[in-house]
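Accompanying notes for the structure given below.
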2 protein chains.
Amino acid sequence: MIQQKPTKKTTIYDLAELAGTSASAVSAVLNGNWKKRRISIKLAEKITRIAEEQGYAVNMQASLLRREKSKIVGMIVPKYDNRYFGSIVETFEIMARERGLFPIITCTLRDPELELEAARTMLSYQVEWLISTGATDPDRITDICLAAGAHSLNLDLPGSKAPSIISDNFAGARELTQRTLRNCQREIGSLSPLLFVGGRASDHNTAERVRGFRRAHEDLGISVDENHILTCGYAPEKAVGALQALADTEHTLPRGMFVNSTISLEGVMRWIKASHHFDGKPPIIGCFDWDPFVALLGDNIEMVRQDVGGMLQSVFKIIDDGHATSPLIEVPPIFDTKIG
Amino acid sequence: MIQQKPTKKTTIYDLAELAGTSASAVSAVLNGNWKKRRISIKLAEKITRIAEEQGYAVNMQASLLRREKSKIVGMIVPKYDNRYFGSIVETFEIMARERGLFPIITCTLRDPELELEAARTMLSYQVEWLISTGATDPDRITDICLAAGAHSLNLDLPGSKAPSIISDNFAGARELTQRTLRNCQREIGSLSPLLFVGGRASDHNTAERVRGFRRAHEDLGISVDENHILTCGYAPEKAVGALQALADTEHTLPRGMFVNSTISLEGVMRWIKASHHFDGKPPIIGCFDWDPFVALLGDNIEMVRQDVGGMLQSVFKIIDDGHATSPLIEVPPIFDTKIG
DNA sequence: CAATCTTGCTTCATCGATTGAGCAACGGTG
DNA sequence: CACCGTTGCTCAATCGATGAAGCAAGATTG
């Protein structure tokens with residue numbers, strides 16, 4: 001018979017009838033504990049064969065309703081438009097599957113309302129753990145998780161009510177700033193302060209990176225110009241706007257720059273190309289994030305790669321153990337050994 | 001405090017008891033059809049308030065078990081490591097949510113076994129539609145979808161058993177090849193054939209792009225060297241290997257290249273940088289895919305952007321209508337007007 | 001040969017939300 | 001006052017899978 005339309009779903013009752021047995025035997029066979037339930041091998045094989053013939057797939061909704069654990073782990077992520085978050089999601093899925101967990105992921109477009117909405121939806125699906133990645137208000141998410149009986153974790157940006165796994169932003173920014181200052185010195189002959197571009201002044205990561213940025217300048221005895229800290233937001237257009245505004249008030253911009261993410265870097269490079277401000281004397285950039293094409297094509301760009309593998313190891317350590325031993329885990333980012 | 005343990009989940013029975021009413025009234029109020037069920041506004045408000053106080057979240061497993069439609073749409077995608085798939089996933093989520101559907105996405109790492117496994121898992125979760133993006137064997141996925149009562153669609157790579165939405169690879173490749181040939185001519189003074197790098201000879205998209213590549217050469221009266229069609233796979237290392245092998249047998253490589261994806265481009269650029277083959281005379285590249293940093297930094301690289309928005313419009317047109325009017329939809333890719 | 005154990009199943013209650021059917025109370029009508 | 005319609009709820013069956021409890025038949029023991 002030719003089935004154009006999808007057929008009706010097969011249930012264990014259908015299989016039971018076909019096999020001349022009970023639904024409970026079918027269930028026991030198909031979820032693997034038929035030995036414990038003392039089903040004969042003969043019947044088990046018969047049921048398995050019929051299930052395959054019928055293309056049977058268990059109804060997880062029914063199954064999960066009955067079981068006590070859902071084995072579903074959720075993750076919310078701001079965007080899929082850069083390698084950092086892409087890599088986080090990919091690694092999360094792989095590590096979840098290794099453990100027999102079912103990962104569900106959703107992106108929230110950096111919209112705080114959508115974050116909460118997405119969290120609520122995931123809770124409806126009975127996630128056991130919800131990982132908030134780069135969330136604007138992780139504590140509110142933790143609140144609703146606790147109320148709904150789920151565990152929560154923060155990744156990339158910390159919160160105060162759930163364990164947080166983040167990059168070591170201070171140390172990373174300090175090292176990156178030092179390297180960029182040196183790269184810049186090698187290029188222009190003298191040591192001079194950098195421009196800081198991107199990120200939100202209100203978020204923990206940006207604050208820590210600014211602190212590392214300042215410290216690196218201190219280390220080398222250079223003073224930072226307060227007007228040169230442009231925490232204008234992450235979007236490329238924000239960086240373009242901030243650079244243009246600064247160029248409008250100051251004659252020349254610093255040659256060296258610390259850029260807070262690849263997203264902001266996109267804007268920075270767009271502006272550099274469009275404004276012709278740096279024509280002939282390309283800026284020396286350090287970027288707190290990694291992208292393969294920038295690494296290959298960007299001649300004067302030093303990048304730090306956040307240790308996604310290490311961070312997710314920590315996440316799953318907590319999930320595996322069922323609890324965290326520390327409220328904040330800072331994972332050092334990775335520098336390529338080669339410089340500039 | 002970090003170590004709070006999640007509370008027990010609240011059910012409509014708990015709420016009913018708190019409100020001094022029945023579970024069925026609670027259900028009616030919370031899923032919005034309390035007017036139809038003639039619940040008084042007074043009771044509706046009371047129930048709503050209590051539900052909010054308790055942080056109640058409906059149990060989707062139970063809800064979906066009872067309803068006939070799940071409103072879940074699934075998508076499988078090979079990787080999250082490039083802008084094309086990232087953009088597909090992001091757009092898919094947005095468009096699904098606009099329609100009140102719940103999107104679930106999983107990546108299959110280009111592993112055919114994992115594709116099937118992921119499809120089966122999604123079917124267990126009662127997806128109504130399953131979109132196979134860039135799948136190696138989309139027809140097998142369609143088979144198991146039909147057996148499980150779900151609809152299926154193919155995106156990016158076509159299949160023969162379900163409607164397919166793909167880029168117009170032939171026309172796109174033809175145009176891109178022509179542009180690259182011209183860019184190359186402008187650079188080196190004479191018209192000469194390009195090298196084709198990346199993709200699998202067995203997949204539809206690569207075959208069509210090779211056809212467009214050949215046609216563009218024909219159009220300009222140039223003959224293609226068969227040894228210069230390197231359909232070596234998508235992974236960067238494959239491109240590196242293929243270029244090295246070719247460079248080992250031939251003295252000089254063509255100056256112009258057609259690269260089949262940003263993934264392959266990564267390998268191509270790695271080899272170019274490492275081998276020093278093109279030092280001083282950078283290759284002129286056309287890439288069938290788009291990346292913002294390549295667009296900004298790659299001076300001699302022309303890119304085509306696949307029309308993700310248009311493709312997903314087509315996908316959701318089919319989902320909205322419940323059926324497709326055509327088995328294959330080819331969406332023209334987008335060229336930036338500016339050349340070179 | 002009765003008593004007990006083992007094997008191989010079946011029966012039935014359950015998870016939480018949904019919804020058709022039904023029922024009590026009240027107001028309006030003739 | 002009998003009858004009917006409306007309002008505002010409750011009852012109970014149901015979705016599909018699960019697993020504790022139970023039961024019948026055969027095997028083993030004393």
Side-chain angles (χ1 to χ4, degrees), chain A residues 8-48 51 54-72 121 123-126 128 148-149, chain B residues 8-48 51 54-72 102 121 123-128 148-149:
Chain A
K8 199 64 178 299
K9 274 163 190 150
T10 313
T11 71
I12 52 169
Y13 298 94
D14 303 327
L15 297 181
E17 188 154 10
L18 285 168
T21 182
S22 71
S24 139
V26 174
S27 169
V29 169
L30 296 179
N31 67 26
N33 56 11
W34 53 279
K35 285 200 167 156
K36 205 191 305 176
R37 308 268 322 260
R38 295 187 314 219
I39 307 292
S40 63
I41 311 181
K42 212 177 125 190
L43 181 58
E45 279 168 352
K46 184 178 182 186
I47 289 173
T48 308
Q54 300 294 314
Y56 171 80
V58 68
N59 182 327
M60 272 298 172
Q61 261 75 51
S63 177
L64 291 180
L65 178 58
R66 195 68 214 319
R67 299 158 105 87
E68 80 294 14
K69 319 209 76 188
S70 74
K71 299 202 162 204
I72 301 179
T121 307
L123 291 170
S124 287
Y125 282 89
Q126 312 301 112
E128 291 178 22
Chain B
K8 199 65 178 295
K9 275 162 191 153
T10 312
T11 71
I12 51 169
Y13 299 94
D14 303 328
L15 297 181
E17 188 154 7
L18 285 169
T21 182
S22 71
S24 103
V26 174
S27 169
V29 168
L30 296 179
N31 66 28
N33 56 12
W34 53 280
K35 286 202 166 155
K36 203 190 308 175
R37 303 217 38 162
R38 297 187 311 219
I39 306 292
S40 64
I41 311 181
K42 211 177 126 191
L43 181 57
E45 279 168 353
K46 183 176 182 189
I47 289 173
T48 308
Q54 300 294 314
Y56 171 80
V58 67
N59 181 328
M60 272 297 171
Q61 263 76 51
S63 176
L64 291 180
L65 178 57
R66 194 58 182 42
R67 299 159 104 88
E68 79 296 12
K69 319 209 77 189
S70 74
K71 300 203 162 205
I72 301 180
F102 182 72
T121 307
L123 291 170
S124 288
Y125 281 89
Q126 312 303 109
V127 293
E128 291 177 23

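Just so we're on the same page: letters track the sequence lines, and every chain starts at 1. Both backbone and side-chain heavy atoms feed into the values below; hydrogens, waters and symmetry mates do not.
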Checklist line | Side chain B:N33, main chain B:K36, donor-acceptor under 3.5 Å | finding: no
Notebook entry, point to check: Using a cut-off of 4.0 Å on non-hydrogen atoms, how would the nucleic acid contact of B:T11 be classed: base, sugar-phosphate, or nothing?
Noted result: sugar-phosphate
Check: Can you tell me if the side-chain N/O atoms of B:N31 get under 4.0 Å from OP1 or OP2 in C:dT18?
Finding: yes
Notebook entry, point to check: For B:A44 and B:I39, which heavy atoms make the closest approach, and how far apart are they?
Noted result: N-CG2, 4.3 Å
Checklist line | Gap separating the CG atom of B:D14 from the NZ atom of B:K9, nearest 0.5 angstrom | finding: 13.0 Å
Next item on the list: Go through the N and O atoms of the side chain of A:R66 and the base of C:dT14, and report whether any donor-acceptor pair is under 3.5 Å.
Entry: yes
Next item on the list: Measure centre to centre between the rings of A:Y125 and B:F102, then say whether the value is under 6.0 Å.
Entry: yes
Next item on the list: Show your working on side-chain contact (heavy atoms from CB on, under 4.5 Å) between A:T21 and A:I47 and close with a plain yes or no.
Entry: CA-CA 9 Å; A:T21 182; A:I47 289 173; 4.0 Å; yes
Next item on the list: Starting from the C-alpha separation in whole Å, work towards a yes-or-no answer on side-chain contact (heavy atoms from CB on, under 4.5 Å) for A:S70 and B:Q61.
Entry: CA-CA 10 Å; A:S70 74; B:Q61 263 76 51; 5.5 Å; no
Check: Name the one of B:V29, B:V26, B:L15 that satisfies side chain to side chain contact (heavy atoms under 4.5 Å, CB included) with B:T48?
Finding: B:V29
Check: Quick one: on DNA chain D, does B:G20 or B:L65 contact a more 5' nucleotide (nearest heavy atom)?
Finding: B:G20
Note to self: Measuring to OP1 and OP2 of D:dC11, would you say a side-chain N or O of B:S24 lies under 4.0 angstrom away?
What the structure shows: no
Notebook entry, point to check: 5'-most contact on DNA chain D: B:A62 or B:L43, nearest heavy atom basis?
Noted result: B:L43
Next item on the list: Compare side-chain N and O positions of A:Y56 against OP1 and OP2 of D:dA17 and report whether any pair is under 4.0 Å apart.
Entry: yes
Margin query: Can you identify which nucleotide, out of C:dG16, D:dG19, C:dT10, has its nearest atom closest to the B:Y13 side chain?
Written below: C:dG16
Check: A:S22 side chain N/O closer than 4.0 Å to the phosphate oxygens (OP1, OP2) of C:dT10?
Finding: yes
Note to self: Applying side-chain contact (heavy atoms from CB on, under 4.5 Å) to B:L64 and B:Q126, what does each step give before you reach the verdict?
What the structure shows: CA-CA 9 Å; B:L64 291 180; B:Q126 312 303 109; 6.0 Å; no
Next item on the list: Rounding to 10 degrees, work out the angle separating the end axes of the helix from C:dC1-D:dG30 to C:dG30-D:dC1 (five pairs an end).
Entry: 60°
Note to self: With a 4.0 Å limit, can you tell me whether B:S63 has a side-chain N or O closer than that to the phosphate oxygens OP1/OP2 of C:dT18?
What the structure shows: yes
Next item on the list: Can you sort out which residues in residues 32-40 of chain B have a heavy atom within less than 4.0 Å of DNA chain D? Ascending by number, please.
Entry: B:R37, B:R38, B:I39, B:S40
Notebook entry, point to check: Under the side-chain contact (heavy atoms from CB on, under 4.5 Å) criterion, do B:L65 and A:N59 qualify, and how do the steps go?
Noted result: CA-CA 8 Å; B:L65 178 57; A:N59 182 327; 4.2 Å; yes
